[in-house]
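Heads up, the thing below is written out as structure tokens.
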Amino acid sequence: MKNIAVIGAGTMGNGIAHTFAQFGYKTNLIDISEKSLEKGMNTISGNLDRMVSKEKISEEDKKNTLNNITTFTQISEGVKNVDLVVEAATENVDLKLSIFKQLDELCAADTVLASNTSSISITKIAAAVSNPERVIGMHFMNPVPVMKLVEIIRGYSTSDEVTSNIMELSKKLKKEPVEVNDYPGFVANRILMPMINESIETLYNGVAGVQEIDTVMKLGMAHPMGPLQLADFIGLDVCLSILEVMYSGFKNPKYAPCPLLVNMVQAGKLGVKSGEGFYDYSESRKAEKVSPQFTS
């Protein structure tokens, strides 16, 4: 595989494009919004600058990485003659099914179609294409250029060959691929999201405050980031979406989102990206100041 297309220029999409391009792959970054593409490329450039300042890469490496990325606003143009498409659009099942139906018509029959979904069934996504054996999950972790794990999710029909090829490709990106089967939340979020949800329940029930909960988990369980801070970093809307997928898939009340999480998302308090979640990010992107709603 030499030519890659990434659909979606948001946080995950631009990180995935950055990673492929850094390792020498010709990468097409696709988004319907020119503004999103511009923002995504600025993010990639900024992240590369930080890598240069830390002497992890050279200025020449940065230049080559950026030169490996071409942006497109039309899927039909961006997926021409590529070996792999990685879909990294919003975590919405209808949107993903629509994208994969288009890919089925636009891409060659041997193009591997991957989704970066964090919870939606790969089997369900694969049902949108005529040859589902070529569909697989590549769940990268945020921030993509830094995090080593890639969850490789086999759908019901995913072929051994496609799985093997994607495992090897991930290793070429200096990632650690882990193969898992297709169940709601896979492994990472099946374990992580109930922990985050229970942390929110603990706050909701008045057991302890925001910083206290995070401190217990950081100092007591050696987590680098507390669960409420992590939820803010992921995005509370994303956490809610994943929990809803898991609750729908398992019909088990232990996956039901906490009412506090639901209310915060409805109020637009989404975490870092909105400027406020469990912490207030109006002055700093670091979780240093608890949101006013939890300090009274």
Side-chain angles (χ1 to χ4, degrees), residues 1-92 95-96 98-99 102-103 106-107 111-118 138-148 150 169-170 172-175 233-235 237-238 270-275 281 284-285:
M1 293 184 181
K2 295 180 180 179
N3 300 309
I4 312 297
V6 179
I7 298 176
T11 300
M12 296 305 295
N14 71 60
I16 294 167
H18 168 164
T19 301
F20 275 109
Q22 187 180 328
F23 283 88
Y25 294 89
K26 296 298 181 183
T27 306
N28 295 344
L29 181 58
I30 307 165
D31 199 293
I32 59 172
S33 166
E34 284 277 12
K35 186 176 180 181
S36 294
L37 286 169
E38 182 179 349
K39 183 179 178 182
M41 290 304 298
N42 287 338
T43 298
I44 293 170
S45 183
N47 288 337
L48 288 167
D49 283 337
R50 278 188 285 276
M51 296 176 79
V52 171
S53 68
K54 294 178 181 179
E55 299 184 344
K56 292 185 176 181
I57 62 172
S58 66
E59 282 285 354
E60 186 68 17
D61 292 329
K62 175 191 171 181
K63 179 182 176 181
N64 290 337
T65 298
L66 292 174
N67 286 340
N68 280 335
I69 303 174
T70 307
T71 60
F72 295 86
T73 55
Q74 297 292 327
I75 290 182
S76 57
E77 293 297 316
V79 301
K80 279 184 179 178
N81 303 317
V82 299
D83 305 303
L84 166 68
V85 180
V86 181
E87 170 273 314
T90 305
E91 193 74 348
N92 177 290
L95 175 60
K96 291 184 187 294
S98 173
I99 289 171
Q102 292 180 65
L103 295 176
L106 295 169
C107 296
T111 302
V112 176
L113 307 179
S115 176
N116 182 59
T117 179
S118 54
M138 289 185 79
H139 181 206
F140 290 86
M141 305 293 130
N142 185 30
V144 181
V146 176
M147 299 292 279
K148 292 291 186 182
V150 184
L169 177 64
S170 300
K172 290 176 181 177
L173 300 175
K174 297 289 173 44
K175 301 298 186 187
F233 179 71
I234 294 168
D237 53 337
V238 176
L270 308 181
V272 176
K273 62 185 169 186
S274 71
Y281 303 95
S284 171
R285 287 176 65 86

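Computed from a prediction, not measured in an experiment: that's the story for all the values here.
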Look at the side chain of [X] and the backbone N and O of [Y], then say whether any donor-acceptor pair between them is shorter than 3.5 Å.
X: D31; Y: S36; value: no
X: D83; Y: M1; value: no
X: K96; Y: A89; value: yes
X: K175; Y: V144; value: yes
X: K148; Y: K174; value: yes
X: T90; Y: N92; value: no
X: Q74; Y: S76; value: no
X: S274; Y: G271; value: yes
X: E91; Y: S118; value: yes

Taking all atoms of both residues into account, what is the closest heavy-atom pair of [X] and [Y], and its distance?
X: A21; Y: N68; answer: O-ND2, 3.0 Å
X: G13; Y: V6; answer: O-CG1, 3.5 Å
X: V52; Y: S58; answer: CG2-O, 3.8 Å
X: V79; Y: A5; answer: CG1-CB, 4.2 Å
X: F233; Y: P143; answer: CZ-CD, 4.3 Å

So [Y] and [X], do their side chains get closer than 4.5 Å, heavy atoms only?
X: M41; Y: N14; answer: no
X: E34; Y: T73; answer: yes
X: H139; Y: N116; answer: yes
X: T11; Y: K273; answer: no
X: K172; Y: F23; answer: no
X: L29; Y: F20; answer: no

In terms of heavy-atom contacts, does CG of D61 have more than 12 from other residues, nucleotides or ligands at under 6.0 Å?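 For D61, atom CG is crowded (more than 12 foreign heavy atoms under 6.0 Å).
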[X] side, atom [atom1]; [Y] side, atom [atom2] - distance, nearest 0.5 Å:
X: E59; Y: L48; atom1: CD; atom2: CG; result: 9.5 Å
X: Y25; Y: L84; atom1: OH; atom2: CG; result: 9.5 Å
X: I44; Y: I69; atom1: CD1; atom2: CD1; result: 4.0 Å
X: E87; Y: I16; atom1: CD; atom2: CD1; result: 9.0 Å
X: I32; Y: I7; atom1: CD1; atom2: CD1; result: 11.5 Å
X: I30; Y: T70; atom1: CD1; atom2: OG1; result: 10.5 Å

Pairing donors with acceptors under 3.5 angstrom, does anything connect the side chains of Q22 and T65?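 No - no donor-acceptor pair under 3.5 Å links their side chains.
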Could you name each residue pair satisfying ring pair (Phe, Tyr, Trp, His ring centres under 6.0 Å) that touches residues 36-92, not counting sequence neighbours?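 Applying ring pair (Phe, Tyr, Trp, His ring centres under 6.0 Å) to every pair that reaches into residues 36-92, excluding sequence neighbours, yields nothing.
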Applying the side-chain contact (heavy atoms from CB on, under 4.5 Å) test to S45, which of D49, N42, T43 qualifies?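 One option only clears the test, and that one is D49.
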